[in-house]
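Structure record follows, encoded as structure tokens.
One-based numbering, in listed order, for ligands and for the atoms of each. Each residue takes its place number in the sequence, starting with 1. Quick caveat, the model's predicted, so the values are computed rather than measured.
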Amino acid sequence: MRIFSGIQPTGRKHLGNYIGAIQQWVADQDRGEAIYCIVDLHATSVPYEPDQLRAAAYDTAATLLAAGLDPERCIFFRQSDVHEHTELCWLLCSVTAWGELNRMTQFKEKSGAQRDLVSAGLFLYPVLQAADVLAYRAEEVPVGDDQRQHIELMRDIAERFNARFGETLVVPEHRIPTVGARIMDLQSPERKMSTTGSVEQGTVYVLDEPHAVLKKLRSAVTDSGSEVARGPEKAGISNLIEIMAAVQGRDPAEVERQFGGAGYGAFKQAVGEAVVEFLTPVRERFGALRGNEQELEQILERGAQKARAIAAETLADVRTAMGVGPVRGRR
Ligand code: ATP
Ligand code: MG
């Protein structure tokens, strides 16, 4: 079983990323051949600062290692170090419909939020993401609920490629967590917590100090009711129940039973404390890892070598199937 997933090094990673993706990544190291990537090329699809991008890739690498990724038990690398991703992106464009890309909600949301340039990179983002996964012939992609549409698209791309050029690519399956697949913004609980589209107060960062976490949870937006229970009119409280369940590895119904009549104030305090307990060990390990950029660079380079070996094989098959370059092995 081969598993692939990626994470953007945009800014600081948040609780949604941690629960929706990173936590599964760590667990999946024991389930199969796990391949994880810091997708720095994706981060260039919106305005960014070059120095900050490089630093954020180290921040993200240290965060993931602090969370428990073990470079001996998984392949862990930086996307831009493996050129096969961008080449495959271009080749896959030939079996991707413009109209499909135009329907992607992430594109609509993110392009709507740009003040000046809406880059072509933002439009092509899902094709590069398809290339990331398909280059490894991965069978499973553990990601949050927001990526549902992109995974469907990459499945269509793989199927269309195979139908057009012969069986070459593996059609991957989406895997989303049962609890915590969509953590919402604490200030605007109708929107997902996001790296690029949220305000500070609505976003719990993995590296936030305990007092900041507690304050953000205390000021989380809730409805005017008083019962700690999930419901369609209760986006804020439902989100807090989901967060509590995810960080404590419990069922949301059990959280409701425990806190049903506790009142919103006491419940928010309890969620804050649970999140602090959950994130503190990660923040402490991060501190120890982040200082040594040379070592982080070495870890990423070793990962890239292993990744390249797999991706280069797929690319050779894809090029042959598409009639691009010489026949495999003949030069
Ligand atoms: P952006 O909003 O700029 O796209 P992001 O916060 O979604 O950034 P990514 O690096 O794109 O960060 O996502 C990394 C992983 O985290 C993906 O698997 C994504 O599905 C998951 N994820 C992102 N936001 C949430 C969320 N609010 N709840 C659960 N999972 C999430
Ligand atoms: Mg995202």
Using a strict 4.0 Å threshold on nitrogen-to-oxygen distance, state whether Arg191 and Asp146 make a salt bridge. no

Got an N/O contact under 3.5 Å between Ile7 and ligand 1? no

With atoms numbered from 1 as shown, which atoms in ligand 1 lie under 4.0 angstrom from a non-hydrogen atom of Gly20? 29 (C), 30 (N)

Check whether any N or O atom of Ser5, backbone or side chain, sits under 3.5 Å from an N or O atom of ligand 1, and answer yes or no. no

Just checking, any donor-acceptor pair under 3.5 angstrom between side chains of Gln149 and Thr105? yes

Could an N or O of ligand 1 be found under 3.5 Å from any N or O of Lys192, whether backbone or side chain? yes

Taking only non-hydrogen atoms of Pro177, do any sit less than 4.0 angstrom from ligand 1? no

Using ring pair (Phe, Tyr, Trp, His ring centres under 6.0 Å), reason through Tyr36 and Phe76 one step at a time and then give a plain yes or no. CA-CA 5 Å; Tyr36 301 127; Phe76 177 45; 7.7 Å; no

Could you tell me whether a side-chain N or O of Glu87 sits under 3.5 Å from a main-chain N or O of His83, the two making a donor and an acceptor? no

Which one of Asn17, Leu15, Val39, Asp145 has a non-hydrogen atom at the shortest distance from atom 16 (O) of ligand 1? Asn17

Using heavy atoms and a 4.0 Å limit, tell me yes or no: is Lys110 in contact with ligand 1? yes

For ligand 1, is any non-hydrogen atom under 4.0 Å from Arg182's backbone (N, CA, C, O), its side chain (CB onward), both, or neither? backbone

Assess Ile19 for proximity to ligand 1: is some non-hydrogen atom of it under 4.0 Å away? no

If you have a sec, work out which protein heavy atom is nearest atom 27 (N) of ligand 1 and how many Å separate them, to one decimal? Ile183 O, 2.7 Å

Give a yes or no answer on whether the side chain of Gln8 reaches the backbone of Val39 with a donor-acceptor pair at less than 3.5 Å. no

Phe267-Phe259 aromatic ring centre distance below 6.0 Å: yes

Taking the six-membered ring for Trp, are Phe107 and Phe123 parallel (under 30°), tilted (30 to 60°) or perpendicular (over 60°)? perpendicular

Does Tyr18 have its ring centroid less than 6.0 Å away from the ring centroid of Phe278? yes

What part of Lys13, side chain from CB on, backbone N/CA/C/O, both or neither, has a heavy atom under 4.0 Å from ligand 1? side chain

Heavy-atom gap His42 to ligand 1 smaller than 4.0 Å: no

Measure the distance from atom 19 (C) of ligand 1 to every protein heavy atom, then report the residue, atom name and distance (to 0.1 Å) of the closest one. Asp146 OD1, 3.4 Å

Pick from Gly6, Ala181, Gly144, Pro142: the one approaching atom 29 (C) of ligand 1 most closely through a non-hydrogen atom: Ala181

In this structure, CG of Leu91 is separated from OG1 of Thr96 (nearest 0.5 Å) by 10.5 Å

Ligand-side contact atoms (ligand 1) for residue partner Gly180, heavy atom cut-off under 4.0 Å: 29 (C)

Of all heavy-atom pairs linking Met244 and Ala270, the shortest is CE-O, 3.9 Å

For Gln147, the ligand 1 atoms whose distance to one of its heavy atoms is below 4.0 Å: 20 (O)

Using heavy-atom distances, let me know which of Ser45, Ala21, Pro9 sits nearest atom 15 (C) of ligand 1. Ala21

Please list the nearest protein heavy atom to atom 11 (O) of ligand 1 with its residue and the distance rounded to 0.1 Å. Gln8 NE2, 3.1 Å

Nearest neighbour in protein (non-hydrogen) for atom 30 (N) of ligand 1: Gly16 O, 3.1 Å

Can you check which of Asn239, Ile176, Thr195 brings a heavy atom nearest to atom 5 (P) of ligand 1? Thr195

Give the residue and atom name of whichever protein heavy atom lies nearest to atom 2 (O) of ligand 1, and the separation in Å to one decimal. Ser194 OG, 2.5 Å

Main chain of Thr203, side chain of Lys216: is a donor-acceptor contact present, judged purely on distance under 3.5 Å? yes

Heavy-atom nearest pair, Pro252 first then Arg230, reads CB-NH1, 3.3 Å

When you measure from atom 3 (O) of ligand 1 to every protein heavy atom, which one gives the shortest distance, and what is it? Thr196 OG1, 2.5 Å

Between CD on residue Gln79 and CD on residue Gln129, distance to nearest 0.5 Å: 9.5 Å

